[in-house]
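Worksheet for the structure shown next.
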Number of protein chains: 2
Amino acid sequence: MEQEKVEKLLRAKLKERGLKITQQRLLVLSTLAKSSGNHMAAEELYAQIQQQYPEIGLATVYRTLQLLYEMQLIDRINLDDGCVRYEIGHLFEGEMKHSHHHLICRKCGKVFPFDGDLLDGLETHIQEKTGFHIVDHELKFYGVCKQCMEQE
Amino acid sequence: MEQEKVEKLLRAKLKERGLKITQQRLLVLSTLAKSSGNHMAAEELYAQIQQQYPEIGLATVYRTLQLLYEMQLIDRINLDDGCVRYEIGHLFEGEMKHSHHHLICRKCGKVFPFDGDLLDGLETHIQEKTGFHIVDHELKFYGVCKQCMEQE
DNA sequence: TTTAGTGCAAACTATTTGCACATCA
DNA sequence: TGATGTGCAAATAGTTTGCACTAAA
């Protein structure tokens, strides 16, 4: 749906920086856009992209993710499962998702997203008090999910 | 100062579980207690403990950290620098530190702790709404620190 | 004495890097 | 064309695991 918008912005941002527009870069971003809300690791992305473009290399996926992250087109999440995960940037998510947090179950390991942008007040408070300019945040809650609670 | 309290609790908790009280376990926890607020990685702890107890192995440090974490005696923090870090559990920190968050500068990489326990309301809200039982949280803010902002 | 715990070295996994080749501007 | 980007394989870094030995109960 927003695929075109995503691609267009990437092309513009790459040109702006004097970087080349390649199939690989377009594919990495559009694959992330398609699987919105999925927290994909580099290997998973690699596997998925290979279906369309078998000659892509894993190293390219890593390099591209780093680039897209620096360009603020994608978000990075660390769910403590041993790999860094990415999702399409909150810039693209429009109205529906401002920012979401993660509930991580310590028993079963499942990750539940929780929507809600209740940190804005806190952010301005911190900026005023410390002079630190905040551009993003990551909030994780650890505990025991409903099902695991009931299983005891 | 609180060294004795820390050691006493560890002994009690180990006995409770039928686990053995070893020099290594006592050392890992007390070293973390001494360097409170330091976010130590396994390798750093290992280096520091070796000064007192040179025969300790790195694998033991890793295994012990995992055990102490499961016992809720230490907290785990991930500052995106490629290694997991630990600090003495918030249980021990008494009045002064309830919970603190981290401001991570994307330019210089420095980490600034920020005290404040402003998440309690949010936690009860989530528990009521989702049934997820929260025991801990990790909140990180990304942005640009005061010094780096001024350097532009 | 007996089982849990340790130290060492090897294995593993996610990620990064060097380099020759390919590709976009 | 000429630099930037890519794919591959090798290197790296953090962490885990197998196993014989040690030490706590």
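Every chain is numbered from 1, with letters handed out A, B, ... down the list of sequences. All values derive from a computational prediction rather than experimental measurement.
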Indicate, with a heavy-atom threshold strictly under 4.0 Å, whether [X] touches base, sugar-phosphate, or nothing.
| X | value |
| --- | --- |
| Tyr53(A) | sugar-phosphate |
| Gln23(A) | nothing |
| Arg25(B) | sugar-phosphate |

Which residue lies toward the 5' end of DNA chain C, Tyr62(A) or Thr22(B), if each is placed at its nearest nucleotide?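 Residue closer to the 5' terminus by nearest nucleotide: Thr22(B).
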So, for Val6(B) and Ala33(B), which heavy atoms are closest and what is the spacing to 0.1 Å?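 Nearest heavy atoms, Val6(B) then Ala33(B): CG2-CB, 4.2 Å.
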Nearest atoms (heavy-atom pairs only) where Asp75(B) meets Ile88(B):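 Closest heavy-atom pair between Asp75(B) and Ile88(B): OD2-O, 4.0 Å.
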Euclidean distance, atom [atom1] of residue [X] to atom [atom2] of [N] [Å, nearest integer]:
| X | N | atom1 | atom2 | result |
| --- | --- | --- | --- | --- |
| Leu14(A) | dA25(C) | CG | P | 9 Å |
| Leu27(B) | dA23(D) | CG | P | 15 Å |
| Ile77(A) | dA14(C) | CD1 | P | 17 Å |
| Glu55(A) | dA22(C) | CD | P | 13 Å |
| Leu67(B) | dA4(C) | CG | C1' | 12 Å |
| Leu58(A) | dT16(C) | CG | P | 10 Å |
| Tyr46(A) | dC8(D) | OH | C1' | 10 Å |
| Leu26(A) | dC24(C) | CG | C1' | 12 Å |

Can you tell me if the side-chain N/O atoms of Gln24(B) get under 4.0 Å from OP1 or OP2 in dG7(C)? yes
Side chain of [X], heavy atoms from C-beta onward: which of [options] has the nearest atom to it?
| X | options | value |
| --- | --- | --- |
| Lys20(A) | dT15(C), dA25(D), dA25(C) | dA25(C) |
| Arg63(A) | dT6(C), dT4(D), dT6(D) | dT6(D) |
| Ala59(B) | dC8(C), dT15(D), dA14(C) | dC8(C) |

Judged by each residue's nearest nucleotide on DNA chain D, which is more toward the 5′ side, Gly18(A) or Val61(A)?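 This one resolves to Gly18(A).
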Ranking Asp81(B) and Ile21(B) by the position along DNA chain D of their nearest nucleotide, the one closer to 5' is Asp81(B)
Run the salt-bridge test on Lys140(A) and Glu138(A) with the 4.0 Å N-O cut-off and return the result as yes or no.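 Salt bridge flag = yes for Glu138(A) with Lys140(A).
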Kindly write out the residues that satisfy side chain to side chain donor-acceptor pair (under 3.5 Å) with Asn38(B), not counting sequence neighbours, or none if the list is empty. none
Side chains of His39(B) and His102(B): is there a donor and an acceptor less than 3.5 Å apart? yes
